[in-house]
Number of protein chains: 2
Amino acid sequence: MTSERRKAVNVKSQNLEAAEVDPRQRILEAATRIFAEKGREGARTREIAQAANVNLAMLHYYFSSKEELYVRVLTPIFEELFSRLKLAAGSSAIPTRRLEAVVGVYFDFLKGKPDLPRLIMWDLVTGAHAMRQTFQRVFSSDKEGLMQLIHGIFKEGQKGKLPPEDADQSVISMVALCVFPFIARPMLEIINPGVIQWLNFLARRQDHVLDLLLNTFADESKP
Amino acid sequence: MTSERRKAVNVKSQNLEAAEVDPRQRILEAATRIFAEKGREGARTREIAQAANVNLAMLHYYFSSKEELYVRVLTPIFEELFSRLKLAAGSSAIPTRRLEAVVGVYFDFLKGKPDLPRLIMWDLVTGAHAMRQTFQRVFSSDKEGLMQLIHGIFKEGQKGKLPPEDADQSVISMVALCVFPFIARPMLEIINPGVIQWLNFLARRQDHVLDLLLNTFADESKP
DNA sequence: GTCTATAGGTGGATAGAC
DNA sequence: GTCTATCCACCTATAGAC
């Protein structure tokens, strides 16, 4: 095949199904799935290549190393999560609504990207490098930090009911309550068979989390 | 060295420091540490052997495979945790006190065994096999299951304030709130520098978790 | 029981033709 | 850009002397 004929084929292939988009993208998608399943070390570059319908040499043509591939998978996901959280936490609504929005972002985002919870957990268990990196970038380019915004929701919502120090702890509790069901799903399926209807369970869970957190809000801050 | 002389040495060595207890024990301790740090796949048998002050062949003399070693590290820890939880949850005290006791077991146990949180997470991320196995053993040998006991704390404590279905969700929230800070410690150190004084932070955290959960209890159930 | 040496296999990465 | 074939490091597990 000449170089010119190949170019023509590549242009046409932009419009085909997922298995035929450009190799770089296919590799990223396969890697996301397999890194989520098996972690950075457990994932095999050969398996990723096969799932992406390229050979091992092609994978290394697009990504110099397994490590680079891993970073290119993780960082954009975290960046999008952080950016959505910031939008939800930074609105001008009352604290109750802002908390609803933030909890909603967590649940929707984790629901919509089935690989993300496991990617988060793998990153956590191997030192949280991707999170740290993304967070530092977000912080340095942005003085009105995400953390301050979320913190502010609780400080304002709990004013008069709980001392300001409790806002720190509440932020952690919120993250714990939102993220835990996703990362601990196998454990939940052991201790609670009802979890089997997953989306159903998540809807009830989201309500429960919100109720639990709003319990700590002062009555004045409630609509 | 004759067989008899060696026996004498071994008996004496029972009273020496950790580096000189019997090799089997040394291997288990080193494996616990290294499995916690690097996971089942990331851990290297050579490194475990070296940390236990034995060579690779000795490790395989005592444990037929890396997999067996992993199971022998994990299951006793989970069994002890479950047994302590059962003691705390199965007392005849009022629900508030039982909840205090259960939360206390989680925090004390996770504090006292620094490797446990990471072992839990590694087990979770690789399918929760050790948890599943231990849980099934606990359940089959024991009709008054641990889960029913913990569930009962919330059902009884929240009676008249929340519908019984909420007890399911509350159990999950409790586990999330207790376990999350330990497994997400690297993340917490990113978003909250105050976590650096770890034990200090945990004490405040334990109070906060208890307060948050007791918020859902009916007034009648409080002392 | 304890050691050295090595088998046997698989991993990430690359060379080099096309 | 894409492929096949291969390098070489390193892993678990074992053979076999002592």
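Protein chains get the first letters and strands the later ones, always in sequence-line order, with residue 1 at the start of each. Everything numeric in this text was worked out from a predicted model, so none of it was measured.
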Let me know the distance between [atom1] of [X] and [atom2] of [N], rounded to the nearest Å.
X: A:Met58; N: D:dA5; atom1: CE; atom2: C1'; result: 17 Å
X: B:Tyr61; N: C:dT4; atom1: OH; atom2: P; result: 17 Å
X: B:Asn53; N: C:dC3; atom1: CG; atom2: C1'; result: 13 Å
X: B:Lys38; N: D:dC11; atom1: NZ; atom2: C1'; result: 14 Å

note = Applied to residues 112-136 of chain A, the salt bridge (charged side-chain N to carboxylate O under 4.0 Å, His left out) test, sequence neighbours excluded, yields A:Glu80-A:Lys113

So, [X] and [Y], do they make that salt bridge, N to O below 4.0 Å?
X: A:Glu37; Y: A:Arg33; answer: no
X: A:Arg137; Y: A:Glu79; answer: yes
X: B:Glu41; Y: A:Lys38; answer: no

ask   = Within 45° of the ring axis of A:Trp122 and under 6.0 Å from its six-membered ring centre, is that where the NZ or CZ of A:Arg40 lies?
value = no

key: Under 4.0 angstrom between A:Asn55 side-chain N/O and D:dC3 OP1 or OP2   =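 Yes, such a contact exists.
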
query = Within the pair B:Tyr62 and C:dT2, is there a side-chain N or O less than 4.0 Å away from OP1 or OP2?
reply =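 For B:Tyr62, the contact criterion (side-chain N or O under 4.0 Å from OP1 or OP2 of C:dT2) is met.
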
request  = Return the set of residues passing side-chain hydrogen bond (donor to acceptor under 3.5 Å, both in side chains) with A:Arg97 (not counting sequence neighbours), or none when no residue passes.
outcome  =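 By the side-chain hydrogen bond (donor to acceptor under 3.5 Å, both in side chains) rule, A:Arg97 matches A:Glu100.
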
message = Output one letter per nucleotide in nucleotides 11-18 of chain C: B when a protein non-hydrogen atom lies under 4.0 Å from the base, S when only the sugar-phosphate is that close, - when neither is.
response = BBBBB---

ask   = How is A:Phe63 classified with respect to the nucleic acid when contacts are heavy atoms under 4.0 Å: base, sugar-phosphate, or nothing?
value =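 No contact.
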
